[in-house]
Amino acid sequence: MRKIKKAIIPAAGLGTRFLPATKAMPKEMLPILDKPTIQYIVEEAARAGIEDIIIVTGKHKRAIEDHFDNQKELEMILQEKGKTDLLEKVKYSTELANIFYVRQKEQKGLGHAIYSARQFIGDEPFAVLLGDDIVESEKPAIKQLMDAYEETGKSVIGVQEVDEANTHRYGIIDPLEKKDRKYEVNQFVEKPKQGTAPSNLAIMGRYVLTADIFDYLATQGEGAGGEIQLTDAIERLNRADQVYAYDFEGDRYDVGEKLGFVKTTIEYALKDEKIRDELAEFIQNLDLDTPRS
Ligand code: UTP
């Protein structure tokens, strides 16, 4: 079986939930504390042993490219000022993996973004990581899926439970048999209407896919929201061949929408010993009874 060495990180979406911040900058560059969300995702892939990453970009290509590129002038300034801590952090972001870029010319949906990277992938199995969720776990979430792929040779889709009230926001699986953390799947449904979801197991932005998916994406029509949905192509692949879902372990931080983003920022700030105590005091002293607007 072929080892997974490549990953796609799609970052070409319009990020409408964060407008106007995302007017001139991809949402994947919004920082949680001092790191853009996409760096957490690249770090997860690198920890899993991924060597080559292709980032699918849209109109705002430069900020991402510059972030993972060398900044010699900045490095020299930090060196001269003796700011070795910061220098290490700046250098670290350039050394995580080999990063390549492809442009998705029109924002036609996640399935279309993945299809844009097909030439880079060729006929190898590959990983996909979305920046909407940061996952903290001892074994990287994507590595858990890679290991499940190595057992089966089939595509493996990462899932976790969500509140039933939120199932309409996600791709949802109709699970069959579960063995360890791995499910056989009857059906994959993108954003089911409220009250119709077949389970509360939601696709969580981590995938290992065989290159067969490109045949389905090539002919995939528009689905939910008028977009070419990756979930719909996975469902067709599942009908032709087995696709597994894997309930991965890890604490998930939803950074794809405003409330989740703020909660994640607070959680990470509370983990930072330099600011934790003052922030905790600030939160404890908040007067929540006084209206703010
Ligand atoms: P989302 O639907 O969460 O991202 O797509 P979005 O469209 O940017 O955000 P909103 O809903 O307007 O706020 C999931 C992932 O797929 C990428 C996004 O960048 C995100 O990482 N994506 C989505 C693309 O790369 N291209 C697309 O056409 C759509």
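Atoms within a ligand are numbered from 1 in the order they appear, just like the ligands themselves.
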Please confirm whether [X] comes under 4.0 Å of ligand 1, counting heavy atoms of the residue only.
X      : result
Val56  : no
Glu227 : no
Gln104 : yes

Quick check: does [X] get an N/O under 3.5 Å from an N/O on ligand 1?
X      : result
Leu14  : yes
Gly109 : yes
Gly15  : yes
Pro10  : yes
Glu106 : no

Salt bridge flag under 4.0 Å for residues [X] and [Y]:
X      : Y      : answer
Lys182 : Glu151 : yes
Lys139 : Asp147 : yes
Asp163 : Arg169 : no
Lys3   : Glu150 : yes

Minimum side-chain heavy-atom gap Gln160-Asp247 below 4.5 Å: yes
Sub-4.0 Å atoms of ligand 1 with respect to non-hydrogen atoms of Ala113: 24 (C), 25 (O), 26 (N)
Interfacing atoms of ligand 1 (cut-off 4.0 Å, heavy-atom, Lys108): 28 (O)
For [atom], what's the nearest protein heavy atom and its distance?
atom                    : result
atom 20 (C) of ligand 1 : Glu28 OE2, 3.6 Å
atom 2 (O) of ligand 1  : Arg17 NH2, 4.0 Å
atom 5 (O) of ligand 1  : Asp132 OD2, 4.4 Å
atom 23 (C) of ligand 1 : Gly13 CA, 3.8 Å
atom 25 (O) of ligand 1 : Ala12 N, 3.0 Å
atom 16 (O) of ligand 1 : Leu110 CD1, 3.5 Å
atom 15 (C) of ligand 1 : Leu130 CD1, 4.1 Å
atom 9 (O) of ligand 1  : Lys27 NZ, 3.2 Å

Residue pair Tyr149 / Gln144, side-chain donor-acceptor N/O under 3.5 Å: no
What heavy-atom pair brings [X] and [Y] nearest, and what distance separates the two atoms?
X      : Y      : value
Gln104 : Ser116 : CG-OG, 3.8 Å
Pro26  : Thr22  : C-CG2, 4.3 Å
Ile54  : Ala117 : CG2-CB, 3.9 Å

Linked, directly or transitively: Tyr101 and Val56 (ILVMFWY side chains, under 4.5 Å): no
Kindly list each side-chain donor-acceptor pair under 3.5 angstrom involving residues 196-207, sequence neighbours excluded, with atom names and distances?
{"residue": "Thr196", "atom": "OG1", "partner": "Lys193", "partner atom": "N", "Å": "3.2"}
{"residue": "Thr196", "atom": "OG1", "partner": "Lys193", "partner atom": "O", "Å": "2.5"}
{"residue": "Ser199", "atom": "OG", "partner": "Ile173", "partner atom": "O", "Å": "2.6"}
{"residue": "Ser199", "atom": "OG", "partner": "Leu201", "partner atom": "N", "Å": "3.0"}
{"residue": "Asn200", "atom": "ND2", "partner": "Val162", "partner atom": "O", "Å": "3.2"}
{"residue": "Arg206", "atom": "NE", "partner": "Glu44", "partner atom": "OE1", "Å": "3.1"}
{"residue": "Arg206", "atom": "NE", "partner": "Glu44", "partner atom": "OE2", "Å": "2.9"}
{"residue": "Arg206", "atom": "NH1", "partner": "Leu130", "partner atom": "O", "Å": "3.0"}
{"residue": "Arg206", "atom": "NH2", "partner": "Glu44", "partner atom": "OE1", "Å": "2.9"}
{"residue": "Arg206", "atom": "NH2", "partner": "Asp133", "partner atom": "O", "Å": "2.8"}

